[in-house]
Chemist: 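Just dropping this structure here.
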Amino acid sequence: MTRSFTALALGLFALPAVLATPAAAHEEGAWSLAIHGGAGTLSRANMTPEREAQYEAALQTALDAGAAVLRGGGTAMDAVEAAILLMEDDPKFNAGRGAVFTWEGGNELDAAVMDGRDRSAGAVTGVTETKNPILLARAVVRDGRHVFLSGPGAEEFARDQGIETAEPAWFQTEPRREALERMKADRLSAYDVDHKFGTVGAVALDQSGNLAAGTSTGGMTGKRWGRIGDAPMVGAGTYADNRSCAVSATGAGEYFIRVGVAHEICTRLRLAGSTALAEFDNGVREGGEIMLTEKLVEGVADAVLAEVKQLGGDGGVIVVAPSGAAVFSFNTSGMYRGRATSEGINEVAIFAEE
Ligand code: ASP
């Protein structure tokens with residue numbers, strides 16, 4: 001009513017779709033969490049049962065940590081941080097400890113976090129001393145002056161903020177060093193040695209209906225010239241907006257940047273109340289609100305991932321919507337993933353057929 005009146009007063013005859021979009025429905029108390037530990041060429045044939053069990057246990061531990069925050073009434077931002085922290089410290093994943101090596105043989109870490117309440121965001125790239133880049137990204141949000149810090153400047157900010165540092169040896173693991181050596185010796189591309197990308201991410205909906213997204217990575221093996229992937233880029237690998245969804249991506253960053261994957265998914269869902277998504281025809285309206293159902297969210301995420309594929313990129317996303325829908329979408333043979341909701345869903349999986 002008020003909106004129509006304002007529009008008339010301004011002499012506008014048609015409301016822009018963004019203003020006409022109904023709010024996304026959230027049921028008080030409902031919470032939801034999805035995590036990923038990277039997507040890529042994953043098959044049972046090249047993974048031992050022991051290795052599979054180790055990955056599943058690591059995913060479950062991270063999922064449990066985030067879910068405990070949400071179940072206890074904590075914020076989506078805290079849940080995202082709790083889940084990512086554990087995966088950064090776990091050498092199996094390409095983030096924090098266990099990050100891939102750069103061409104020069106170091107580790108340059110990227111991370112981003114975004115709060116769907118006010119779209120405040122913090123991102124860091126090319127950090128080499130910060131033990132948990134997700135904490136640094138969070139500090140950028142808290143500080144509030146900037147969104148994206150890089151390299152030595154980001155590290156100086158980290159010191160000012162009293163964020164824990166680590167020696168280079170903390171991040172370095174043998175399998176990642178071998179991947180770099182193999183890449184150099186056989187003149188392979190990062191895609192050949194990074195069969196599974198290994199980036200980590202989390203998206204959460206808290207009981208108050210707030211969304212948050214976070215992603216952390218070492219990037220791609222053998223990266224050079226200050227290459228930055230999608231993970232720390234707000235809108236590409238990470239995005240959260242209470243009006244639509246929270247997204248964290250993993251995969252061939254160059255393609256995710258070009259599609260603006262995370263923002264693109266959120267925008268399509270934000271406009272789900274308009275005719276733009278009529279083709280899915282399954283957003284159930286309740287009291288003027290749009291219910292972003294699992295099917296709708298899945299349809300949108302798949303459509304955006306198909307665009308990535310069309311350009312030549314592989315990878316995946318996790319998405320959580322205000323309805324509580326927690327969705328995975330990927331065009332690779334596997335993605336380390338997990339989800340937990342107040343509806344009782346609690347699962348981790350690796351391969352596409354699971
Ligand atoms: N997306 C990351 C990057 O391009 C890589 C990954 O997901 O593992 O840096």
Side-chain angles (χ1 to χ4, degrees), residues 34-42 55 59 84 87-88 90-103 106-113 123-128 133-134 137 148 150-151 171 173 175-176 179-180 183 189-203 213-239 247-265 304-305 308-309 311-319 328-337 350:
I35 61 168
H36 71 75
T41 317
L42 300 163
Y55 271 103
L59 289 167
I84 290 181
M87 292 190 283
E88 282 184 338
D90 188 325
K92 285 192 285 304
F93 300 108
N94 172 19
R97 189 168 176 224
V100 297
F101 281 75
T102 63
W103 187 259
N107 306 99
E108 292 177 2
L109 312 169
D110 301 335
V113 67
V124 293
T125 184
V127 298
T128 56
I134 198 68
F148 206 173
S150 71
F171 303 105
T173 61
R176 299 296 192 192
L180 176 69
M183 180 188 186
S189 77
Y191 299 108
D192 297 313
V193 290
D194 290 350
H195 297 299
K196 43 182 177 26
F197 295 107
T199 288
V200 307
V203 289
T215 314
S216 181
T217 188
M220 310 283 276
T221 297
K223 67 182 182 180
R224 60 204 299 201
W225 307 308
R227 180 264 184 193
I228 305 168
D230 60 315
M233 275 186 205
V234 169
T238 308
Y239 203 75
V247 181
S248 169
T250 174
E254 280 67 13
Y255 298 92
F256 282 72
I257 293 170
R258 289 161 62 193
V259 174
V261 166
H263 186 264
E264 179 72 13
I265 292 173
V304 174
L305 258 281
V308 172
K309 186 80 189 167
L311 297 184
D314 285 334
V317 291
I318 50 173
V319 190
F328 313 111
S329 176
F330 51 100
N331 58 27
T332 49
S333 55
M335 177 160 84
Y336 297 110
R337 60 198 188 277
I350 300 175

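One-based numbering, in listed order, for ligands and for the atoms of each.
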Chemist: Are any side-chain N or O atoms of Asn94 and backbone N or O atoms of Gly219, one a donor and one an acceptor, separated by less than 3.5 Å?
Modeler: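 Yes; at least one donor-acceptor contact below 3.5 Å.
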Chemist: Using modelled atom types and a 3.5 Å cut-off, is there a donor and acceptor pairing between side-chain atoms of Asn107 and backbone atoms of Thr128?
Modeler: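 Answer holds: no.
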Chemist: Should Gly253 be counted as touching ligand 1, given the test is an N or O pair under 3.5 Å?
Modeler: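 Yes; at least one N/O pair falls below 3.5 Å.
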Chemist: Any idea which of Arg227, Met233, Lys223, His36 brings a heavy atom closest to atom 4 (O) of ligand 1?
Modeler: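 Of the listed residues, Arg227 has the closest heavy atom.
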Chemist: Sort out for me which residue in Phe330, Phe328, Tyr55 forms a ring-ring contact (aromatic ring centres under 6.0 Å, His included) with Tyr336.
Modeler: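 That would be Tyr55.
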Chemist: Tell me, please: is Gly251 in heavy-atom contact with ligand 1, that is, under 4.0 Å?
Modeler: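 Gly251 counts as a contact of ligand 1 under the 4.0 Å cut-off.
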Chemist: Centre-to-centre under 6.0 Å for Phe171 and Phe101, is that the case here?
Modeler: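 Ring-ring flag for Phe171/Phe101: false, centres at least 6.0 Å apart.
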Chemist: Taking only heavy atoms of Gly229 into account, list the atoms of ligand 1 that are under 4.0 Å away from them.
Modeler: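 Selected atoms, number and element: 4 (O), 9 (O).
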Chemist: Counting from 1, what ligand 1 atoms have a heavy atom of Asp230 closer than 4.0 Å?
Modeler: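 Near Asp230, meaning under 4.0 Å from one of its heavy atoms, ligand 1 has 1 (N), 2 (C), 3 (C), 4 (O).
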Chemist: Is it the case that the side chains of Glu88 and Ser216 hold a donor-acceptor pair, with the cut-off being a distance below 3.5 Å and no angle test?
Modeler: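 Judged by distance alone, the side chains do pair up.
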Chemist: For atom 8 (O) of ligand 1, which candidate among Thr125, Asn94, Thr199 holds the nearest heavy atom?
Modeler: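 Comparing heavy atoms across Thr125, Asn94, Thr199, the nearest one to atom 8 (O) of ligand 1 lies in Thr199.
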Chemist: Looking only at N/O atoms, are Thr250 and ligand 1 under 3.5 Å apart anywhere?
Modeler: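 It does: an N or O of Thr250 is found under 3.5 Å from an N or O of ligand 1.
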Chemist: I'd like to check whether Ala249 has a polar contact with ligand 1, where a contact means an N/O of the residue lying under 3.5 Å from an N/O of the ligand.
Modeler: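 N/O-N/O distance under 3.5 Å: no.
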Chemist: Going by distance alone, is a donor N or O of one side chain under 3.5 Å from an acceptor N or O of the other, for Ser248 and Thr215?
Modeler: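 There is such a pair (donor and acceptor under 3.5 Å, judged by atom type) between the side chains of Ser248 and Thr215.
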